[in-house]
Each structure stands twice: as C-alpha cells, then as structure tokens.
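Below you'll find the structure, written out as structure tokens, and then a few comments.
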Amino acid sequence: MSTATRVTSLSPSLIRAMSVGAPPESIDLGLGVPGWALPEPARAALAQCAARDEPLGYGPNGGVPELVSAIGDYHLLDDDAADQVMVTAGSQAALTALFLAHVSPGQLVLVPDPGFPAYATLARLAGGIPVPYALGQHGNLDTQTFLSTLQGDVALAVINHPGNPTGGGASLPALAAVAAACRAAGALLVSDEVYRDVHLGARPASLRDVTSTGVVVSSVSKGWAAPGLRVGWVVGDPTVLAPARLVHNAMTTSAARPSQLAATALLRNSAEVLRQTRRELIQRWSIAQTGPAAVRPVATPAGGFYAWIPVPQWAIGDTLGFCRRVRDEGRVIVVPGTAFGSRGEGFVRVSCGGDPRLLGQGLARMAPFWEEP
Ligand SMILES: Cc1ncc(COP(=O)(O)O)c(C=O)c1O
C-alpha cells in the first residue's frame with residue numbers, strides 16, 4: 001500500500017468525532033484532559049520566558065538540556081545518561097517517531113484491545129499490521145494472552161499501564177515476563193506510561209522498575225496537567241532512540257522552547273504538582289463513586305481519569321448508537337468502547353478529568369438511559 005493510500009485510509013478518532021454535532025449545552029465527558037488550571041510553576045516559567053528581551057531560538061533537536069536532565073532525574077537515570085532521553089512534542093509525537101522508525105511495511109504491531117486508538121492508527125501509517133491483544137480482568141495486562149499473541153514478524157509491541165480506556169495496570173511480574181518475551185522475539189517493547197502519576201492508590205510500577213528492555217513513553221499532559229504544552233519524551237536505549245530522533249527532527253525540528261521550559265519547571269516541582277493532581281482526582285472519583293448507581297464505575301482503576309462503564313444489556317451490540325442517543329437526547333458526550341477496539345463493545349468511557357460539577361450533572365443526565373429503552 002502506498003503512503004498516500006495509507007493516509008487516506010485513516011479515519012478521524014471517534015473520541016473527538018463524538019463531540020461533532022452535539023446539541024448546545026452538552027456536557028463533555030469525552031476528552032481525557034485534566035480540568036484544573038495549569039500548575040503555577042509552569043505559568044511562572046512561561047511568563048519568565050515571555051519577559052526575556054532576547055531571541056527565542058529553536059534549541060537542540062533532542063530537547064533543551066534543563067529538560068533532558070529533569071526527565072533523567074524523574075526516571076532515576078545516571079547523570080551522564082542524556083543520550084537515553086528524547087524530548088518530543090507530546091507523547092503522541094514520541095509514539096509516531098518510534099513507530100515510523102521501527103516498523104517496516106508488512107510487520108506486525110501488538111496493540112492492547114481495548115486501547116488508545118493512536119496505536120493502531122500509527123501502525124497502519126507505518127505500513128504495519130496492528131494485531132490486537134485482549135486485556136485481563138479490569139483491563140490489567142494479562143501475560144498469557146500477550147505471550148500467545150506475540151507470534152510472527154512482530155516489530156513493536158505496546159503496553160499501556162495505567163491504561164486508556166480501562167484504567168487497568170500491570171504487575172511487576174507481568175512487566176518482567178512481557179519484556180523478556182519481547183527481547184527474545186526481537187520486538188521493540190513500548191511502555192506508554194502517561195497515566196502513571198494519575199493514581200488513587202499506590203503509585204503504579206514502571207517498566208523501568210524491572211528491566212532496561214524496551215522504551216518508556218510519557219508526557220506532562222496528564223499527571224502534570226499540561227496537555228497544551230505538547231511536551232513528551234521517550235527514555236531508553238540510545239540505539240533505539242537514534243532513528244526515532246531523526247524522524248522527530250524531520251516532523252517538528254523540536255518541541256516548542258517555552259513549553260520545554262515550563263515542562264522543566266513542572267518536573268522539578270513534581271512533588272507539589274503531583275500532590276495536587278491526586279487531590280483533584282480523588283475529588284472527581286468520589287463524585288463518580290457516589291453518583292447514580294447505574295453509571296457507577298465497577299472497579300477503582302490503577303490510574304487515569306476514566307470510568308469504564310458497561311452499557312445496559314439491551315444496548316450491547318450497538319454501543320455507538322447508544323452513545324449517540326446519550327449525546328443527542330441526554331446532552332452528554334461519552335465515548336463508545338468500540339472507539340478503542342472491538343473488545344470495547346458493550347462499554348462506554350466516561351472521562352472524570354474535567355470540571356467536577358459538570359461530572360456530577362453529566363452522570364445524572366446519563367443514568368436514565370441505563371433503564372429499559
Ligand atoms: C494512553 C495515551 N497515550 C498517549 C496519549 C497522547 O498524549 P500526549 O501527546 O498529550 O502526551 C494519550 C492522550 O490521550 C493517551 O491517552
């Protein structure tokens with residue numbers, strides 16, 4: 001398939017498409033964005049940058065040294081490990097660069113199902129073939145299922161923990177087993193950990209806690225409440241990063257410099273910023289857990305903003321149609337589980353990240369749709 005055909009075969013994400021045509025005054029529980037203000041350290045850094053009477057240069061392709069060093073410290077890397085860090089325009093650009101650099105046409109890419117839709121999209125864009133693997137109970141990484149799907153010419157495998165949309169996690173033994181299997185199979189393991197610091201209970205594990213195999217992808221978009229900065233990163237083996245750096249340079253030159261300075265301030269103030277994130281999350285999650293019984297989350301997620309809620313029995317098989325009704329008649333935007341893969345049928349994803357008052361109102365508007373049609 002030519003690159004042009006690959007591009008025209010892509011379709012817009014259903015996550016965003018659901019809000020197109022929504023009635024006026026709809027409550028948006030669709031997009032997964034933090035609904036509280038940009039934390040103060042980032043605001044101060046942006047103001048400082050704007051006040052400087054000096055040229056605003058591009059900066060190094062791989063990120064400004066202050067940020068590279070802050071990311072290294074956050075991931076507990078040695079001081080001389082700058083070549084293990086690559087700064088990108090959000091984790092989305094990190095994933096794009098990794099996929100384009102490491103997947104050749106016709107190769108297989110393992111993606112979680114249900115999972116963040118960009119994984120399958122990027123696999124196709126690179127000419128690869130997405131191979132969905134099922135998750136275990138509550139969306140947790142299930143080693144056996146992953147290993148049994150890891151067959152054939154697999155270029156790259158993605159794990160996402162805590163996961164979007166289910167909030168499922170990955171245990172240390174599961175991470176170790178999956179990493180060992182990918183190493184043996186010669187597949188690049190990409191661990192998407194953007195939700196790692198958005199958690200209610202214990203801090204979830206990182207792939208880096210068990211192995212140096214594979215790469216870890218993250219960003220300031222979720223935990224540090226700064227999606228609009230568009231700053232993310234990859235941490236891993238310099239030989240894996242080298243070709244991805246070339247792709248990222250070709251795509252964007254570098255992440256925006258003021259954003260990188262703001263991201264540095266956020267990371268350097270992680271203790272305070274992440275404490276606020278947990279406070280905001282606890283507040284929202286208690287609203288979801290005490291809301292109408294019909295739309296209460298079934299499990300407490302390992303992390304993330306999302307409630308993954310089963311649709312009523314009668315709506316199974318037409319989750320998209322059901323979500324359109326909830327939107328058009330109930331004026332609440334939620335995302336059908338099928339946006340995340342075929343195994344998402346029968347579920348809706350409700351983002352609890354936004355304004356807490358609207359979350360309560362949105363859940364109240366949704367609940368009647370869970371009764372008989
Ligand atoms: C699992 C996951 N990975 C990556 C991203 C991309 O985020 P960003 O590019 O803002 O870092 C998202 C965004 O929603 C996500 O849910």
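Both ligands and their constituent atoms are indexed starting at 1 by order of listing. All residue numbers in this chain count up from 1 along the given sequence.
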Legend entry - salt bridge (charged side-chain N to carboxylate O under 4.0 Å, His left out) against Arg52, all qualifying residues, sequence neighbours excluded: none
Inset, instruction - Could you pull out the closest heavy-atom pair between Gly214 and Arg208, with the gap in Å? - result: O-NH2, 2.7 Å
Legend entry - Set of ring-ring contact (aromatic ring centres under 6.0 Å, His included) partners for Trp370, sequence neighbours left out: Phe322
Between ligand 1 and the protein, which N/O pairs fall short of 3.5 Å?
residue, atom, partner, partner atom, Å
ligand 1, 3 (N), Asp192, OD2, 2.6
ligand 1, 7 (O), Ser91, OG, 3.3
ligand 1, 9 (O), Ser91, N, 3.2
ligand 1, 9 (O), Gln92, N, 2.9
ligand 1, 9 (O), Arg230, NH2, 2.8
ligand 1, 10 (O), Ser221, OG, 2.6
ligand 1, 10 (O), Arg230, NH1, 2.7
ligand 1, 11 (O), Ser91, N, 2.8
ligand 1, 11 (O), Ser91, OG, 2.6
ligand 1, 11 (O), Ser219, OG, 2.7
ligand 1, 11 (O), Ser221, OG, 3.3
ligand 1, 14 (O), Lys222, NZ, 2.8
ligand 1, 16 (O), Asn164, ND2, 2.8
ligand 1, 16 (O), Tyr195, OH, 2.7

Inset, instruction - Compare every heavy atom of Val231 with every heavy atom of Gln260, then report the nearest pair and how far apart it is. - result: N-CG2, 4.0 Å
Inset, instruction - Answer yes if the ring centres of Tyr306 and Trp285 are under 6.0 angstrom apart, and no otherwise. - result: no
Legend entry - ring pair (Phe, Tyr, Trp, His ring centres under 6.0 Å) partners of residues 143-170, not counting sequence neighbours, each pair once: Tyr133-Phe146
